[in-house]
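See below for the structure under consideration.
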Amino acid sequence: MLRYQKFAVLFSGVAMLIVILLIFAVRHDEWRQNAALDIKDAWHYADGSPVSIGGDIHYNENREGSVFYSFSSPHTDSRSLCFRSHNIFFDILADGVNIYSFHPKIGGLYGKCYGDSIHTVLVPAGTTEIRIDVVSLKDDRWDGFHEIALQDSAGYIHELAKAHLPAFCICAATFLIGIILFTAGTVALRTNKDMVESMCLGVITILFTVWCHSQIRILHIISPDPLLIRVMDYAAMELIPVPVWVYTASLTKSQKNPLVHTGIALTLLNFILSIVLTCLNIADYSNFLIFTHSIIFTSMIAIAYIFIGAVKKKHVVLKNTRYIITAFLAVAVCAFLDIMRYYIFHSPSVTLMSRIGLFLFIMILSVYEFRKLVNLRVSSRQAELMKKLAMEDPLTGIGSRAAFSAFENSLREKKEGKCIFIHFDVNNLKKVNDNYGHAEGDRFITAAADIINSCFGSSGRCFRVGGDEFFAVLDGKNQMSDYENGIAKFTEEQKIYNETGNSPVPLMIAYGMAEYDLSDGDPEKAEHIADNRMYEKKRQMKSQN
């Protein structure tokens with residue numbers, strides 16, 4: 001069965017690889033009716049002056065403007081006007097007739113802008129001129145049209161998805177890893193408080209992935225609501241420092257450090273204020289971008305300071321944390337480069353380097369955390385095995401003295417009901433050991449344990465509490481009848497064992513019984529009574545021999 005499972009996994013992996021290769025390798029030009037026509041530099045204003053659609057559009061004082069595209073001959077094919085818009089409202093007119101309007105409802109939680117949206121607008125046959133009336137929502141260098149072309153809509157969507165598929169696959173894979181780490185940490189947290197680090201790493205991964213997803217155009221194709229993607233983008237970016245602070249505090253044992261509390265408080269305050277003021281239409285998420293970047297930047301410095309202090313105090317061993325240092329350094333440097341690219345070079349792709357850092361971060365720390373989880377699981381199994389060994393008598397396989405003590409404690413916690421204690425003692429063990437050796441003595445003890453467990457194990461629990469002493473505790477519904485039936489069977493099995501001649505000395509086991517009321521709260525009294533009765537039985541057996 002295992003061989004077939006391995007074959008199925010291998011076959012699935014190969015099939016998935018082939019599908020991915022086909023996505024990138026197969027040419028679709030043969031079935032497209034018309035090739036794409038890049039027209040971003042063919043637009044003009046009403047006065048005929050040229051304008052690059054990918055660049056700045058001139059607006060009036062009301063942030064309004066119009067751009068035109070003229071066909072050299074009336075439009076006759078099935079190509080559509082395909083483009084990506086960023087924070088603009090607009091109307092598209094073909095020869096003066098409105099063929100497409102884009103005025104999404106914004107405000108409230110969504111803020112004053114919508115981010116990115118993908119459009120494919122079929123141009124009617126016979127069209128000689130396209131006019132786009134634009135309203136910019138904010139004074140931003142990236143507001144406008146991007147990646148505009150005349151193309152069949154299916155081909156445009158395909159090329160857009162193909163161009164961003166590698167980044168999408170990386171983000172999707174890291175998001176899944178984040179879910180696995182968070183789930184594994186949650187389960188492990190029940191038994192090991194240190195696994196809060198795995199939970200934090202999972203949350204960091206999820207938030208970082210959501211932020212990096214925001215500029216992957218596949219999401220805008222899949223999601224009908226670009227507003228939601230924008231809100232997720234800002235929320236994820238604003239909240240990232242919180243799990244990073246918690247992770248650092250747990251790792252460096254600095255939970256009481258004021259820097260940790262201050263960093264978390266500032267992050268949450270920035271997040272809450274951005275939501276409240278945006279919902280009240282006083283501000284927009286983008287207005288808090290400088291504060292968010294400042295918090296992230298200062299958090300990097302403060303966390304580095306805490307980490308260095310923890311190393312000096314030997315709260316952290318560098319040898320054990322080299323993976324963590326490398327991973328956080330990679331993502332911090334890449335995030336810093338993206339912030340610099342945004343402010344200095346005015347790059348519209350604000351998550352490019354961060355996606356690279358995210359990939360390195362996840363690959364390094366995932367290996368580290370998964371190894372920790374595996375080691376924890378192995379340690380837990382070893383602990384369970386050690387506990388089982390401690391609770392089980394190694395010679396006879398029944399409960400040990402430690403198990404009997406734990407059972408006594410559980411009886412003390414109960415307030416109602418009754419049980420029966422039976423104390424056993426094996427006669428002649430010293431004689432067997434002295435004359436026939438300890439190996440024969442062990443067989444003698446094992447035979448006694450097997451008989452006791454056979455007669456009373458099904459209606460109670462049996463324990464070896466000393467070299468030749470045993471206890472059985474009956475706690476079923478019919479305790480007295482179980483005791484009487486057990487004693488009858490107990491006597492018969494001893495007789496059968498002795499008749500077979502398996503031991504050079506007859507097996508004789510003395511016993512004494514006592515009933516115990518659980519409301520009494522002290523089982524040792526009943527055990528003492530059973531002990532006295534056992535010794536009385538022992539004396540009777542010796543006098544008869």
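Here the structure is a predicted model, which is why all the values come from computation and not from measurement.
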Does any non-hydrogen side-chain atom of [Y] lie less than 4.5 Å from one of [X]?
{"X": "Val246", "Y": "Ile264", "value": "yes"}
{"X": "Ile39", "Y": "Leu81", "value": "yes"}
{"X": "Glu64", "Y": "Tyr59", "value": "no"}
{"X": "Tyr110", "Y": "Pro104", "value": "no"}
{"X": "Ile303", "Y": "Val244", "value": "yes"}
{"X": "His44", "Y": "Ser70", "value": "yes"}

More than 12 heavy atoms of other groups within 6.0 Å of Phe291 CZ: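 No, not enclosed.
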Tyr305 atom OH: more than 12 heavy-atom contacts under 6.0 Å: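 Counting neighbours around OH of Tyr305, 12 or fewer heavy atoms of other residues, nucleotides or ligands fall under 6.0 Å, so no.
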Nearest-0.5 Å distance, [atom1] of residue [X] to [atom2] of residue [Y]:
{"X": "Ile118", "Y": "Ser153", "atom1": "CD1", "atom2": "OG", "value": "12.5 Å"}
{"X": "Asn270", "Y": "Ile275", "atom1": "CG", "atom2": "CD1", "value": "10.0 Å"}
{"X": "Phe288", "Y": "Tyr234", "atom1": "CZ", "atom2": "OH", "value": "11.5 Å"}
{"X": "Ile88", "Y": "Ile57", "atom1": "CD1", "atom2": "CD1", "value": "6.0 Å"}

Is the backbone of [Y] close enough, under 3.5 Å, to the side chain of [X] for a donor and an acceptor to pair up by distance?
{"X": "Thr183", "Y": "Ile179", "value": "yes"}
{"X": "Asp152", "Y": "Gly155", "value": "yes"}
{"X": "Ser250", "Y": "Tyr247", "value": "no"}
{"X": "Asn409", "Y": "Ala406", "value": "no"}
{"X": "Tyr45", "Y": "His58", "value": "yes"}
{"X": "Arg131", "Y": "Ser66", "value": "no"}
{"X": "Tyr285", "Y": "Leu109", "value": "yes"}

Ring geometry between Phe71 and His75 (parallel below 30°, tilted from 30 to 60°, perpendicular above 60°):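 Taking Phe71 first and then His75, their aromatic rings sit tilted (interplane angle of 30° to 60°).
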Geometric class of the His86/His146 ring pair [parallel <30°, tilted 30-60°, perpendicular >60°]: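 Rings of His146 and His86: perpendicular, over 60°.
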Which heavy atom in [X] sits nearest to a heavy atom in [Y], and how many Å separate them?
{"X": "Leu259", "Y": "Trp245", "answer": "O-CH2, 3.7 Å"}
{"X": "Tyr156", "Y": "Glu147", "answer": "OH-O, 2.9 Å"}
{"X": "Ala94", "Y": "Pro124", "answer": "CB-CD, 4.1 Å"}
{"X": "Thr267", "Y": "Pro241", "answer": "OG1-CB, 3.4 Å"}

Pair Tyr114-His103, ring-ring contact (aromatic ring centres under 6.0 Å, His included): steps then yes or no: CA-CA 10 Å; Tyr114 64 82; His103 297 268; over 10 Å; no
Charged N-O contact under 4.0 Å between Arg84 and Asp116: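 The answer is yes: the pair qualifies as a salt bridge.
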Stepwise side-chain contact (heavy atoms from CB on, under 4.5 Å) check, Ile306 with Ser254: CA-CA 8 Å; Ile306 291 175; Ser254 55; 3.5 Å; yes
side-chain contact (heavy atoms from CB on, under 4.5 Å) evaluation trace for Thr292 with Phe271: CA-CA 9 Å; Thr292 302; Phe271 175 71; over 6 Å; no
Donor + acceptor pair across side chains of Asp95, Thr127 (<3.5 Å):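 Looking only at side-chain atoms, Thr127 and Asp95 do not form any donor-acceptor pair under 3.5 Å.
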Pair Ser101-Asp91, side-chain donor/acceptor within less than 3.5 Å: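 Side-chain D/A pair, Ser101 to Asp91: present.
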Pair Phe90-Phe83, ring-ring contact (aromatic ring centres under 6.0 Å, His included): steps then yes or no: CA-CA 12 Å; Phe90 58 90; Phe83 56 90; 5.5 Å; yes
